[in-house]
Structure formats: structure tokens, C-alpha cells
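All remarks here apply to the structure that follows.
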Amino acid sequence: MASENISDFYAAVCEEHQITINPHVLQVLQKTTITGNVTLKLSGNDRLRHVQRLDDEDVFALSKCLRYNKCVTGLDFRYNNITDEGVRHLADLLLEDSSSLKSLDLMFNDIQTDGAEVLTKSLQCNSTLLSLGLSGNKIGNRGAMHLASMLQMNNSLKKLELADCDLATQSVIAFAIVLKSNRTLISLDITRPLLFSHQEEWAVHFSEMLAVNSSLVELHLGKMGITDTGMERLTEGLRLNHSLRYLDLRCNRVTSDGVRHLAKVMKLNPTLEIIDLSSNRIEDEGASYLSEAIAHRGCVLRELSVTSNNIRTEGLLSLAQAMMVNTTLNHIYIWGNHLDEPVCQAFIELISTGRLPPDQTDVSAYEVDSRVFLAEVCNTLRRTYETETSLTSNTELDLSTENAISPDSTLTLPIEAQHLVPLQH
């Protein structure tokens, strides 16, 4: 269906059902050139101009249009006002025998438990959807339980994002149990569940899952309240796992003892390529454990974030020295620690010699009165792991803005926009 036809069809559907035309939707449809598989980007958080966010009626009209258009294989509906009613329209689209949707991103809408249940029922029969994003929707424990049960029957979904969805211990454990047998899912994000128990029962179940799962490549466990005891349990399973490449442990309560267990895994079973330990409390001792593992022969770690970990000179220098030994690690993020002058000198040397590319770290050097300092640069660890088996082969067209910046892209600010930090004594 040509772009003028799909926009005309949308207008006709709105007229037939007495729905007010959303100018944002109409503009994007008019600009869309359907020449192959495309992702229709209608996110409601445009940074450059005000847009009218999608509601349930807009979703209804779009679902009618897309039912006859097989070239649109991705929908980016993030940051809109879609509720459970709108999800029902999307579920009907997924239930179509000829459904072509491969990715559906509904991050930060108003979807709750009933909407999650409706999606679950549609995905039990769907075999085309590869990626589902529900982060920021308060589906709760019951909604997450429905999605976990869906993974027992669905053999196509590869990526599931459930961050900030108010999961509870029961549903977190349910995902661990299901993933013992599911061989399709390669990426799971359950960041920031609501866990009130301090016993970390879920960590035992995830450890058992990791010991037998052979498909999971990316696991996000940020803001889980993980302690050193939880880390010890997790690493018991990681020792036997050979598929996981990206481990996200940011914003937890891990100290040097927890990192010691992780470092042992990095030596005995070197499969992890990206580790995010930002906003923990590993300090110098934990950084030293990491440095030993990085310098160990066979380490395949490529990217590491230890921002905001109260690491001082000794720990940061050990990481810099480990990078001189290990040539695989080429992304490291250290901002938020104690960047004293020896640390500044060490990282300036890494950057100036080309060992650490400037766009693969979050610090940049400057000099004042013959003294060197480090400034913050807005480069961050990437949030997803790009596997060899791509989730989709879609060509994404962002038509909502011109020259928009992707939230996952790496951006380097000029020196005037950087946060300059004096030496800390």
C-alpha cells in the first residue's frame, strides 16, 4: 500500500467511525514511504516539537489500516496514552493469520493487568512477533504472571522488556522457572520490581535457570536490591552458563565481596562481554578483583561500566593497567568515582595513545595551569546487546522529527557543554 493510500485510508477510517484525526499520525503516515519492512514511529516524547499523543481511538484507527498493510512490521508507540482498551485493538492485529508485526514497543503507556492478559492470549497463538516492550506500564504481579505463562507456549518471541512494571517476587521467580525450558527468548529486562523480601529467593531460582538455559544472551537485573549474598547465588549458575553475553547489575547493593564472586566466574567461564555495575559500592577492592579478571588470559570482556562506585585512585589505576594488558576491553565508563590527578594522567594516556577511543568512555581530558583534569562526556554503556541473530531485519524510519537523536545513540558534547570537575583531594 502506497504512503498516500495508507494516509487516505486512515482518514477514511476516522471519518467512518467519527474519530478525530490525530495530526501527528496523519503527518507520519503521509511521510512514510512503504518500500519494504519499516517500523512506524509514533512515540509521544518528541524532543523537538509538541505532538498529540496516541489514545485508544487512534490505535483503533491504525489497527484497521495496518490489517491490510503487510509492509509495516514494527510499531513504536512509546510514551503515549494507550490503555487496556487500546491493547485489545493491537491484540486483534496480532491474532490475524497474516500478521506481519515483528516488533511492538508500548513503553510508558497506561497499560495495566487486563491489558497484559489480553496481549498474553494473542501471543499464545502468534508466531511472528519477535520483540515486545512493556517497560513503564503498571501491569503488576498478575499481569507478569500471564506473560510468564505465555512463554511456555510461544516459540517466537526473542525480546521482552518489563522494567518498572511493578513485578513481585512471585512473577520474577515464574520467569526463572519458565526460562528453564524456553529456548527462544534471548533478552529479558525485569529492572526495578517490587521485592519486599530480603532473602533474595529469586536469585536462587535465577541461578538454577542460568545453569541450564542455553539461549538467553542479555539479562537486565538493575534495581533489584541485589546484595553480595544474591551475587554469590547468581554466580553459581553463571559458572555453568555459556550463552549470556550482557549482564546488567546497575543500581544494586553489590560491594567488593559480590564482585569477587563475579570475577571468579570471569576467569573460569569467560563468556560475558558486557557488564554494567554502575551505581553499586564496589570501591577499590572490588575494582582490583575486576582488574585481575580483565587481565586474566582468555577474558573476552569488551565493555564495562563502574560509574558511581566510590572507587579511588588505587582501584581506577588497576583498571587502567588491566586495559594495557587486555586489548579486548575497549569501552570503560568511570564517571562518579574519585578522579584524582594520577587517575587523570592514566586515562589521558589511554585516550591519547588510542588504546581507549574517546567515544567509548565517559571522560575527556582538559588542562588548566599545567594540571590535568577529566570532564564528563555524555557517552554511556549501550543498553542492548546486538546479537548475530538480529531481532528484526526492519529498516527503521523515524519520521516524527528531523535529525532526531536516538535515545540509545552515543553522543559526545563539545567542551563547553561538558561538566568540568576539579581535582578531588
Side-chain angles (χ1 to χ4, degrees), residues 1-46 49-112 114-123 125-126 128-129 131-134 136-137 392 394-401 404:
M1 183 183 292
S3 59
E4 59 270 16
N5 289 343
I6 190 172
S7 58
D8 290 345
F9 191 31
Y10 166 72
V13 169
C14 289
E15 182 178 0
E16 178 184 354
H17 296 276
Q18 297 182 339
I19 298 173
T20 303
I21 291 178
N22 185 320
H24 177 47
V25 174
L26 185 62
Q27 181 182 20
V28 170
L29 292 178
Q30 289 172 340
K31 290 184 178 181
T32 303
T33 302
I34 305 296
T35 56
N37 296 343
V38 298
T39 294
L40 195 60
K41 294 204 167 187
L42 285 163
S43 60
N45 65 332
D46 194 302
R49 63 187 179 90
H50 174 74
V51 297
Q52 181 178 328
R53 293 187 171 185
L54 305 186
D55 58 21
D56 295 336
E57 288 188 340
D58 295 324
V59 173
F60 171 76
L62 283 167
S63 66
K64 291 290 186 182
C65 299
L66 298 176
R67 189 165 296 177
Y68 304 100
N69 189 309
K70 305 308 175 186
C71 293
V72 177
T73 56
L75 295 177
D76 180 358
F77 287 174
R78 297 172 297 161
Y79 300 99
N80 284 294
N81 298 322
I82 302 170
T83 70
D84 294 345
E85 184 61 34
V87 169
R88 290 186 175 89
H89 304 314
L90 293 172
D92 291 339
L93 199 59
L94 291 170
L95 284 170
E96 291 284 329
D97 292 335
S98 57
S99 173
S100 60
L101 278 184
K102 295 182 180 179
S103 66
L104 176 60
D105 196 344
L106 297 169
M107 179 190 298
F108 285 98
N109 278 276
D110 297 322
I111 303 166
Q112 299 185 19
D114 291 343
E117 184 177 1
V118 170
L119 272 178
T120 294
K121 292 178 179 178
S122 65
L123 289 174
C125 307
N126 179 279
T128 61
L129 195 71
S131 174
L132 175 62
L134 286 172
N137 293 283
T392 65
N394 297 1
T395 301
E396 294 191 352
L397 299 181
D398 189 351
L399 299 163
S400 57
T401 61

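As the structure is a prediction and not an experimental result, all values here were calculated from the model. Values below: all heavy atoms of this structure, side chains included; hydrogens, waters and symmetry mates excluded.
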Q. Can you tell me how far NE2 of His24 sits from CG of Asp58, rounded to the nearest 0.5 angstrom?
A. 10.0 Å
Q: Show your working on side-chain contact (heavy atoms from CB on, under 4.5 Å) between Tyr10 and Ile21 and close with a plain yes or no.
A: CA-CA 8 Å; Tyr10 166 72; Ile21 291 178; 3.8 Å; yes
Q. Taking it one step at a time, do Thr83 and Asp56 satisfy side chain to side chain donor-acceptor pair (under 3.5 Å)?
A. CA-CA 7 Å; Thr83 70; Asp56 295 336; 2.4 Å; yes
Q: Quick one: do Thr32 and Val72 satisfy side-chain contact (heavy atoms from CB on, under 4.5 Å)? Show the steps, please.
A: CA-CA 10 Å; Thr32 303; Val72 177; 5.8 Å; no
Q. Would a distance-only check, ignoring hydrogens and angles, find a side-chain to backbone donor-acceptor pair under 3.5 Å from Arg53 to Gly44?
A. yes
Q) Which heavy-atom pair separates Cys125 from Leu95 by the least distance, and what is that distance? A) CB-CD2, 4.3 Å
Q: Could you check Asn126 against Ser99 for side-chain contact (heavy atoms from CB on, under 4.5 Å), going step by step and ending with a plain yes or no?
A: CA-CA 8 Å; Asn126 179 279; Ser99 173; 3.8 Å; yes
Q | Donor-acceptor contact present, side-chain Asn80 to main-chain Leu42, <3.5 Å | A | yes
Q. With Leu66, which of Leu75, Thr73, Leu101 fulfils side-chain contact (heavy atoms from CB on, under 4.5 Å)?
A. Leu75
Q: Go through the steps to decide whether Leu26 and Ser7 satisfy the test side-chain contact (heavy atoms from CB on, under 4.5 Å), and finish with yes or no.
A: CA-CA 6 Å; Leu26 185 62; Ser7 58; 4.2 Å; yes
Q. Which heavy atom in Val13 sits nearest to a heavy atom in Cys65, and how many Å separate them?
A. CG2-SG, 4.4 Å
Q: Report the residue from Leu54, Asp105, Asn109 that forms a side-chain contact (heavy atoms from CB on, under 4.5 Å) with Arg78.
A: Asp105
Q: Look up atom OG1 in Thr128 and atom NZ in Lys102, then write down how far apart they are to the nearest 0.5 Å.
A: 8.5 Å
Q) Considering all heavy atoms of both residues, which atom of Ala61 and which atom of Cys14 are nearest to each other, and what is their separation? A) CB-SG, 4.0 Å
Q.
Would you compute the distance between atom CD1 of Ile111 and atom CG of Asn81 and round it to the nearest 0.5 angstrom?
A. 11.0 Å
Q) Out of curiosity, Lys31 NZ to Leu29 CG, how far, rounded to the nearest 0.5 Å? A) 12.0 Å
Q | Side-chain touch Phe9/Asn69, heavy atoms, less than 4.5 angstrom | A | no
Q. Closest approach of Asp92 and Arg67, non-hydrogen atoms and distance?
A. CB-NH2, 4.0 Å
Q. Taking all atoms of both residues into account, what is the closest heavy-atom pair of Ala91 and Ser122, and its distance?
A. O-CB, 3.7 Å
Q. Looking at CG of Leu94 and NE2 of His89, how far apart are the two atoms once the value is rounded to the nearest 0.5 Å?
A. 13.5 Å
Q.
If you define the side chain from C-beta out and look only at heavy atoms, does anything of Asn45 sit under 4.5 Å from Phe108?
A. no
Q. So, the side chain of Asn22 versus the backbone of Gln52: is there a donor-acceptor pair under 3.5 Å, distance only?
A. yes
Q) Are Val51 and Gln27 side-chain neighbours, meaning at least one heavy-atom pair lies under 4.5 Å? A) no
Q. In Å and rounded to the nearest 0.5 Å, what is the OG to CD distance from Ser63 to Glu96?
A. 9.5 Å
